[in-house]
Protein chains: 4
Amino acid sequence: MEKHSASNDREPKFRRRAGARPDEVLDAALHLFTEAGFERTTVEQIAHRAGLSKAAVYLYFPSKKALLAGLVRRAVVPLADRALAQITSYQGDPRPVLRAVMTQIATNLTDPSVLAVPKLVLREAVTAPEIAQMYREEMLDRVLPALTALIAQGVAGGHIRAVDPSLTLRSLIGPVFLHILLAEVFGILTGGELAMQALIDNHLTLLFAGLEPEGKA
Amino acid sequence: MEKHSASNDREPKFRRRAGARPDEVLDAALHLFTEAGFERTTVEQIAHRAGLSKAAVYLYFPSKKALLAGLVRRAVVPLADRALAQITSYQGDPRPVLRAVMTQIATNLTDPSVLAVPKLVLREAVTAPEIAQMYREEMLDRVLPALTALIAQGVAGGHIRAVDPSLTLRSLIGPVFLHILLAEVFGILTGGELAMQALIDNHLTLLFAGLEPEGKA
Amino acid sequence: MEKHSASNDREPKFRRRAGARPDEVLDAALHLFTEAGFERTTVEQIAHRAGLSKAAVYLYFPSKKALLAGLVRRAVVPLADRALAQITSYQGDPRPVLRAVMTQIATNLTDPSVLAVPKLVLREAVTAPEIAQMYREEMLDRVLPALTALIAQGVAGGHIRAVDPSLTLRSLIGPVFLHILLAEVFGILTGGELAMQALIDNHLTLLFAGLEPEGKA
Amino acid sequence: MEKHSASNDREPKFRRRAGARPDEVLDAALHLFTEAGFERTTVEQIAHRAGLSKAAVYLYFPSKKALLAGLVRRAVVPLADRALAQITSYQGDPRPVLRAVMTQIATNLTDPSVLAVPKLVLREAVTAPEIAQMYREEMLDRVLPALTALIAQGVAGGHIRAVDPSLTLRSLIGPVFLHILLAEVFGILTGGELAMQALIDNHLTLLFAGLEPEGKA
DNA sequence: GATGAATGAGCCTTCATTCAT
DNA sequence: TATGAATGAAGGCTCATTCAT
């Protein structure tokens, strides 16, 4: 179904921006979907924002829903890749690596255009399970196990307390998630700014202290 | 077609139960909104599910949006009240109280009909800011400060480490939130069940250890 | 079909205003129909204004349209009667009588509650031909011929010029009609007030001079 | 049902005549509005009569009300222009000019498609004041003052009696107006035909005689 | 490749009318 | 007599999608 792929990589000079069009459409769609949700966004609006006619959108995407899918697919793979690259298969105390990963994740999510995609996925997951599944497969099922493994290795090596790695993963990321959510959805900020770094510092101080091997203290 | 008949054959065409009707409509709306989202749910569907005609819905609620608002309002106040009742203005180490509150919150959210409302609010907050605001005012602005104060008091009394109470609140609840989200939206479970109690145990063990006053350890 | 008639003339003391109800409904209907037109007025509004329930309106009138009909019928007969009483079968120069009649008509139409009915008839005549016909039969076909005859008699007696009585009737009343219309519908006034008496004076001075028998001048 | 097919069998399902479409829609709307009034006319009916789908109507007009407005605007300006062209800024006895203008107005209003617009305006003015105002601004406020000035000039030049020009204007046009109204709304004719010319002859004979300067007679 | 024109299906909302009480 | 409750039948408007050009 998806048409905007392959074969577009040569960019002839005499066809205006031909290759870039689908991407521009996705950009427009992302912006509008994020602002108003999938249902409340019309194909017309997307076309207008991308500088095309409504019909032209259907040249690149077979349906409105395909736009959503294309959107998520485009964003999710590099996002996951970037995250995975950080999580080297480390041997030793995982806490420094976890701190680095957390900071990177947090930084990424501070960029509105990056945050937009998970936000959108969250919103539309209920009505578009394919989207949820894609996000799960391409993102969560790649990144979360890697992080879990990192924790498990730390436990195995005795670097951190004997915790359940899967559950501890939630203890690790959950606060960042909630922090963003309170700010983005309900406008509840601490201090006055997002203060993401402060959150991470406070959180990891607590959590990493809690992870200290029991006997060691 | 679909003249909502069947199974109704002991009831006359016109009933007369005024009192309970609005609640029945809200029940129907909650169910459908949660399943398919606000936009994808028809007033007709709601009416059908509540056993009334479309027009009758408008006897009780002036608009579709008023249904959403009424829904949230109905659920949110008792929910917040129940939570607040738990958070007694305790003096002393806040950790036992926090554990109790966390367990209660988690238990509540395990009930699908209770979880449905925040889930719905989350979904529709972007396009219906009034809903987000109502939820914030009636729920978040009542419960979160109470919890924050509890933590702050613990810090002041030297019962826990000198953390930022607001940020620490996120460390406290975030994991529960993420846990539910992964399960509900993406079907990602640990073990095979929701295992909410296990999550709380693991999380609080870590967090409460991390909160131990520094010198004490 | 009409139910509010006969048999109501005894007014038992222990039934609140029973006999007056239909009239109150008609009053309410007249007010609202005049203000917003028949279509834009809901039975609910009429009921509310009359201080009854919607269903009660249907106790007195079988349909919304019957309200319109009842309304016009109630107003039109006395109106026509009053006008006819004035047009005595005079012998002689009809001009003094015509002046008196014109003044009376004009005075009547200055009363908003009297003007309301023809205004309403005019508006609804297109879609409710029965109404137009009733107005014609009960009002126009009684009053206009009487006035025409008055003019004809004046011509026959040589009191006024040999004009076509029917057409002259239009010359007589038309200006009053247009004057009201410009004021009521378009807010176009002369001077600043309705100035109905000034219009009649100016008009009849002209017209009556024009009616002077030819040789006589 | 009623899939507006038949008789269209030489036309493909999708046509492409952009330019003329809005006008065709207005034509259809005028016809239906005049026959049944604004409220009783469905957009569907208009679309059907214009040979389009309901949705296509909204391609050209943003709302049903905009149809009414567009309709009046389209008709009113040329109508006023034509009338104004006639009313040359004459110096001298205004009666010949007035006679010409009256005849032209009467002739115009005899054409049903021309009469339709003022008739419609009259009907809908109460509930759509914008329409009344537009009609007033584009039509009445242009034509009536011009006629009034013509009369005033005649008075000033001593060509006609010292009358109030504004009020006399009503004496001039009112009868034509009433004549049409009785015929159109109530089916009251003189003779058997509209006999518009006879009315004007009779009326102007009277009126112009009445306007004769006093001393002169 | 690109678009203006068009539409079928559907949705929210309204309202005259009915009926059990 | 009076009404609260209920509904069938529209009606205005929107929108994803299609097609001729």
Side-chain angles (χ1 to χ4, degrees), chain A residues 12 14-18 21 39-47 51-67, chain B residues 3-4 12-19 21 39-47 51-67, chain C residues 12 14-18 21 39-47 51-67, chain D residues 3-4 12-19 21 39-47 51-67:
Chain A
F14 45 78
R15 208 182 299 144
R16 287 171 318 149
R17 298 182 301 167
R21 279 287 161 88
E39 304 282 348
R40 311 271 282 221
T41 302
T42 69
V43 174
E44 177 105 55
Q45 287 165 8
I46 297 170
L52 297 92
S53 73
K54 212 189 334 183
V57 170
Y58 283 88
L59 244 44
Y60 305 115
F61 299 91
S63 73
K64 191 186 172 189
K65 207 150 204 186
L67 274 171
Chain B
K3 291 268 178 227
H4 73 81
K13 189 176 168 191
F14 292 88
R15 315 191 210 169
R16 201 92 4 179
R17 289 217 314 283
R21 276 299 159 85
E39 304 280 350
R40 310 273 285 219
T41 301
T42 328
V43 173
E44 175 105 53
Q45 288 166 8
I46 297 170
L52 296 95
S53 71
K54 212 192 327 185
V57 171
Y58 285 88
L59 243 46
Y60 304 113
F61 299 91
S63 72
K64 190 186 172 189
K65 218 160 193 182
L67 275 171
Chain C
F14 45 78
R15 207 181 301 146
R16 287 172 317 150
R17 299 181 301 168
R21 279 288 161 88
E39 303 282 347
R40 311 271 283 221
T41 301
T42 68
V43 174
E44 177 105 55
Q45 288 165 8
I46 297 171
L52 297 93
S53 72
K54 210 188 337 182
V57 170
Y58 284 87
L59 245 43
Y60 304 115
F61 300 91
S63 73
K64 191 185 172 189
K65 208 151 202 186
L67 275 171
Chain D
K3 292 264 178 232
H4 73 83
K13 190 174 166 193
F14 292 87
R15 315 190 210 169
R16 200 96 1 181
R17 288 217 315 283
R21 276 298 158 85
E39 305 280 350
R40 309 273 283 221
T41 301
T42 326
V43 173
E44 175 106 52
Q45 288 167 8
I46 297 171
L52 297 95
S53 70
K54 209 192 332 182
V57 171
Y58 286 89
L59 243 46
Y60 305 114
F61 299 91
S63 72
K64 190 185 172 189
K65 217 158 195 185
L67 275 170

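Below, all heavy atoms of this structure are taken into account, side chains as well, without hydrogens, waters or symmetry copies. Keep in mind it's a predicted model, so treat the numbers as computed, not measured. Chain A is the first sequence line, chain B the second, and so forth, proteins listed ahead of strands; every chain is numbered from 1.
Between the C1' atom of F:dA6 and the CZ atom of B:R21 lies a distance of 9 Å, rounded to the nearest Å. Atom C1' of nucleotide E:dT18 and atom CG of B:L59 are separated by 14 Å, given to the nearest angstrom. Atom-to-atom, CG of A:L67 to C1' of F:dC15 comes out at 14 Å; the value is rounded to the nearest Å. Atom CZ of D:F61 is separated from atom P of F:dT14 by 15 Å (rounded to the nearest Å). When rounded to the nearest whole Å, the span between CG of D:L52 and C1' of E:dA5 equals 10 Å.
Residues A:K64 and A:T41 approach most closely at NZ-O, 2.7 Å, considering heavy atoms.
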Problem set entry | Under 4.0 Å protein heavy-atom contacts per nucleotide of nucleotides 10-17 of chain E, with B for base, S for backbone only and - for none | BSBBBBBB
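Rounding to the nearest 0.5 angstrom, the gap separating the OG atom in A:S53 from the CG atom in A:L59 is 8.0 Å.
Applying the side chain to side chain donor-acceptor pair (under 3.5 Å) test to A:S63 and every residue at least two apart in sequence or in another chain returns nothing.
Dashed line: the shortest gap from a side-chain N or O of C:Y60 to OP1 or OP2 of F:dA2 is under 4.0 Å.
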Exercise. Should D:V57 and D:L67 be marked as a side-chain contact (heavy atoms from CB on, under 4.5 Å) after you check the CA-CA gap, both sets of side-chain angles, and the distance that decides it?
Worked result: CA-CA 9 Å; D:V57 171; D:L67 275 170; 4.0 Å; yes
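DNA chain E contains the following stems of three or more consecutive Watson-Crick or G-U pairs, with both distances under 3.5 Å: E:2-21 with F:2-21.
No donor-acceptor distance shorter than 3.5 angstrom exists from the side chain of D:T42 to the backbone of D:Q45, with no hydrogens or angles considered.
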